[in-house]
Amino acid sequence: MPLRPARMEDQAAIITLLAQSFETTAEASLVEAINRGGYDPVSIVHESDGAVDGYCLMSQMRSPADCLGLGPIAVAESQRKGGLGAQMVREAINRAVSNGWRAIFVLGDPAYYGRFGFSVARAARFETPYPKDYFQILELEDGAADTLATKVLYAEAFDALT
Ligand SMILES: CC(C)(COP(=O)(O)OP(=O)(O)OC[C@H]1O[C@@H](n2cnc3c(N)ncnc32)[C@H](O)[C@@H]1OP(=O)(O)O)[C@@H](O)C(=O)NCCC(=O)NCCS
């Protein structure tokens, strides 16, 4: 399935997809704010018949350094449970590895993200306002979870969500 980096002209379709996929417009507003901030290191879309039906964002954390935050992720309802979400997450992880990022954090259901190697246990020492049972790390550098700064701060655009 064709995945590609998101482009400026995808913006409206991405916002619509996010607004349809989540209960509130918080995620759509977040992505607008991230793009306004001009920092968008890994942003992937999937297209079918010219329409964006999958989106996955990873944004640079303010802390720890050289780490990414995964999410939001959305797949159009008609396309769900076909592996597209997993394909986008794996592609995002591969790109993060290629670009030398040290770790990826995610806030989400461990039953889903565990399959990609994310771990609640390894994230236990990080200081976060988020629920500990859902806060996870994927280490891209050996032992990163033991050596990274413990303060967790997502990109500024996320401040409006907490
Ligand atoms: C989460 C989402 C991106 C998954 O996309 P997808 O293409 O259906 O994903 P996959 O086909 O790779 O995986 C499907 C699996 O994800 C599970 N799943 C779907 N939404 C989930 C959620 N919010 N939390 C945990 N697991 C979820 C499904 O039950 C299914 O599980 P199984 O493999 O054990 O049967 C999609 O369901 C979606 O857009 N949901 C609405 C937005 C959202 O909640 N995003 C995630 C939070 S950022």
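Numbering of ligands and ligand atoms starts at 1, following listing order.
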CD/E9: more than 12 non-hydrogen atoms of other groups inside 6.0 Å: yes
Within 6.0 angstrom of Q11 CD, more than 12 heavy atoms from elsewhere: yes
Find the distance between [atom1] ([X]) and [atom2] ([Y]) and round it off to the nearest 0.5 Å.
X    : Y    : atom1 : atom2 : answer
I34  : Q60  : CD1   : CD    : 10.5 Å
H46  : L17  : NE2   : CG    : 12.0 Å
F118 : I104 : CZ    : CD1   : 5.0 Å
Y130 : F105 : OH    : CZ    : 11.5 Å

Contact check, G71 vs ligand 1, heavy-atom distance below 4.0 Å: no
Polar contact flag for [X] and ligand 1 (N/O pairs, less than 3.5 Å):
X    : value
G83  : yes
R115 : yes
G85  : yes

Under 3.5 Å donor-acceptor, D10 side chain and R7 backbone: yes
Of all the non-hydrogen atoms in the protein, which one sits nearest to [atom], and at what distance?
atom                    : value
atom 41 (C) of ligand 1 : S21 O, 3.4 Å
atom 44 (O) of ligand 1 : F22 CE2, 3.9 Å
atom 40 (N) of ligand 1 : R80 CZ, 3.7 Å
atom 45 (N) of ligand 1 : I73 O, 2.9 Å
atom 8 (O) of ligand 1  : K81 N, 2.7 Å
atom 39 (O) of ligand 1 : V75 N, 2.8 Å
atom 15 (C) of ligand 1 : Y112 CE1, 3.7 Å

Could you tell me whether [atom] has at least one protein heavy atom nearer than 4.0 Å?
atom                    : value
atom 36 (C) of ligand 1 : yes
atom 19 (C) of ligand 1 : no
atom 1 (C) of ligand 1  : no
atom 23 (N) of ligand 1 : no
atom 6 (P) of ligand 1  : yes

Can you find a heavy atom in the side chain of [X] that is under 4.5 Å from one in the side chain of [Y]?
X    : Y    : result
L140 : R102 : no
V75  : S21  : no
W101 : R95  : no

List every atom of ligand 1 that sits less than 4.0 Å from any heavy atom of [X], numbering the atoms from 1 in the order shown and giving each element.
X    : result
G82  : 11 (O)
A86  : 12 (O)
D109 : 24 (N), 25 (C)

Mutual orientation of the aromatic rings belonging to F116 and Y113 [parallel < 30°, tilted 30-60°, perpendicular > 60°]: tilted
hydrophobic_cluster_shared for Y154 and Y134, side chain cutoff 4.5 Å: yes
